[in-house]
There are 2 protein chains.
Amino acid sequence: MAASTSFPRRFGLLLYPEFEVLDVAGPIEALIGLSQRGYEDMKLSIISHTLDPVSPGLNDFGRAIRYLPTHTFETAPQLDVLLVPGGVGTIEGIPSPHKPRIDEYVDYVRKAYRGYDGHEPLQYIFSVCNGALVLGKAGVLDGHKATTNKAAWKLITPSAPKAHWVASARWVESGNVWTTSGVSAGADGMLAWMGSLLPDKVVADVADGMEWQRVWSSDDDPFAELNGCEDVLPE
Amino acid sequence: MAASTSFPRRFGLLLYPEFEVLDVAGPIEALIGLSQRGYEDMKLSIISHTLDPVSPGLNDFGRAIRYLPTHTFETAPQLDVLLVPGGVGTIEGIPSPHKPRIDEYVDYVRKAYRGYDGHEPLQYIFSVCNGALVLGKAGVLDGHKATTNKAAWKLITPSAPKAHWVASARWVESGNVWTTSGVSAGADGMLAWMGSLLPDKVVADVADGMEWQRVWSSDDDPFAELNGCEDVLPE
């Protein structure tokens, strides 16, 4: 099967201290799988506030994991798609030892989404879990439907009072803004996003290669009820 | 709820070039979740043949991801549990550009499992996907039941002719040897392993924190049939 020529190729991953490991790895696993199935010219840039190693988690166990960024905000290349994972690092209401200066990340997301200094606007932005909080603070969710992590629903939804927050959602598609629920939902959302642009057979091959038992419906979400979440309408 | 004092605390992750991202991230996400729920004294060591960054994937897209190891084989500390992920890097039958010298990894696994030079034997060894191939070559699977990635079944199972390879298995528990099917099965297997040692409520909290829609039965495995896999009995 010939690769789609219109499929976006330039991906960026935003990485901040205390990110959540699986928020990153679910969508990235799916994208790596796609890149090995006829989309070899896909590019990935990993963007952080410095080039120092970035660690997930709140304690020494998680911090044994260290990712190396490839770019800073200043050197970030033109992107078509930006992935914004979640993690405790973004939530002011949860004390944590390695909290990043999240405003720098919010500024970059705002600029990247709208275009800046010779960079065209993003074609798509995609958040996992409370990555939606960064999108919310950047104004990206204004006038959009969105979802986020269900356990931290009440801490995150105030970040975007002009969004319609959808509670029972594994993921939400709203124009070029895709948001997913917590952690593992990122992989289902990414497969759905691919499915919106590529033939079903291509996406099925990627998912089967992951032995991923997909959540097929965007509103199949037991965690909304488990956590007593309800929709939050825009102000 | 008080943390179990007998639960093993010293975890190692074996990391080699061309590992599979989600093979690592699924179990590690679950373990990080546990470490933040009353098991703060858990330790993680990331072991590779050098301290150089280690990348997954076969092409430049995946290789933008770079993990930093914490230890080499020579400096690896005493471990209670060793996690061995899969990845194309271990499969001789699949050509790939960054193939590691896998014999070094096999030697380390053999030594670590049995104990060596002042290191006690492992309490548990846990493989994801074709990480089972490394266990097989190290002799760890001799006389055990095991499973592995279903798409590469016929390339992997000859690595351990004295094992009983179980085809329809999301994961297999065989004494202190746990093996899982491909990629995302690692998280289900890890949650099952935790469940064999810890109260259900603790494991449910970890899984719900991941918003993970668990596969509850070890024999719930549509990918065995999809790939036409059958059990391979020991010679």
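Below, read A as the first sequence line, B as the second, and so on, with proteins coming before strands; counting in each chain starts at 1.
- The environment of B:E225 atom CD is sparse: at most 12 non-hydrogen atoms of other residues, nucleotides or ligands sit within 6.0 angstrom.
- For chain A, the nearby parts of B:N149 are the backbone and the side chain; heavy atoms of each come within less than 4.5 Å.
- Only the side chain of B:I46 comes within contact range of chain A, with at least one heavy atom under 4.5 Å from a heavy atom of that chain.
- Taking 4.5 Å as the limit, every side-chain heavy atom of B:F61 sits out of range of all side-chain heavy atoms of A:Y39.
- Chain B forms the most heavy-atom pairs under 4.5 Å with one residue out of A:T70, A:I28, A:D221, A:I65, and that residue is A:I65.
- Of the listed residues B:L44, B:D220, B:L226, the one with more heavy-atom pairs under 4.5 angstrom with chain A than any other is B:L44.
- The aromatic rings of A:Y67 and B:Y67 sit tilted relative to each other, their planes meeting at an angle between 30° and 60°.
- Proximity to chain A (any heavy atom under 4.5 Å) is shown, for B:N227, by neither the backbone nor the side chain.
- When heavy atoms are compared at a cutoff of 4.5 Å, B:L58 approaches chain A by way of both its backbone and its side chain.
- For B:L15, no part lies under 4.5 angstrom from a heavy atom of chain A.
- A donor and an acceptor atom, one from each side chain of B:E211 and A:S181, are located under 3.5 Å apart.
- Summarising the local packing, CD of A:E92 is surrounded by 12 or fewer heavy atoms from other residues, nucleotides or ligands at distances under 6.0 Å.
- For the residue pair B:P53 and A:L68, the shortest heavy atom distance occurs at CG-CD1, 3.7 Å.
- Interface remark: B:R170 contributes side-chain atoms only to the contact with chain A (heavy atom separation under 4.5 Å).
- The local environment of CD in A:Q123 is crowded, with over 12 non-hydrogen atoms from other residues, nucleotides or ligands closer than 6.0 Å.
- Options A:G182, A:A187, A:G209 differ in how many heavy-atom pairs under 4.5 Å they form with chain B, and the most are formed by A:G182.
- To the nearest 0.5 angstrom, B:R214 atom CZ is 12.5 Å from A:S184 atom OG.
- Annotation: the span from B:S96 atom OG to A:Q36 atom CD amounts to 10.0 Å, rounded to 0.5 Å.
- At most 12 non-hydrogen atoms from other residues, nucleotides or ligands lie less than 6.0 angstrom from NZ of A:K145.
- Of the residues considered (A:D60, A:L13, A:N59), A:N59 shows the highest number of contacts with chain B, using heavy-atom pairs under 4.5 Å.
- Looking at heavy atoms from C-beta onward, A:L22 lies in side-chain contact with B:L22 at the 4.5 angstrom threshold.
- Atom CD of B:E40 sits in a crowded spot, with more than 12 heavy atoms from other residues, nucleotides or ligands closer than 6.0 Å.
- Interface check for chain A: of the options B:S35, B:A25, B:G57, the most heavy-atom pairs under 4.5 Å are formed by B:S35.
- Looking only at side-chain heavy atoms (C-beta outward), A:D208 and B:F223 come within less than 4.5 Å of each other.
- Heavy atoms closer than 4.5 Å to chain A are found in the side chain of B:V215, but not in its backbone.
- In this structure, the side chains of B:Q213 and A:P222 come closer than 4.5 Å at one or more pairs of heavy atoms.
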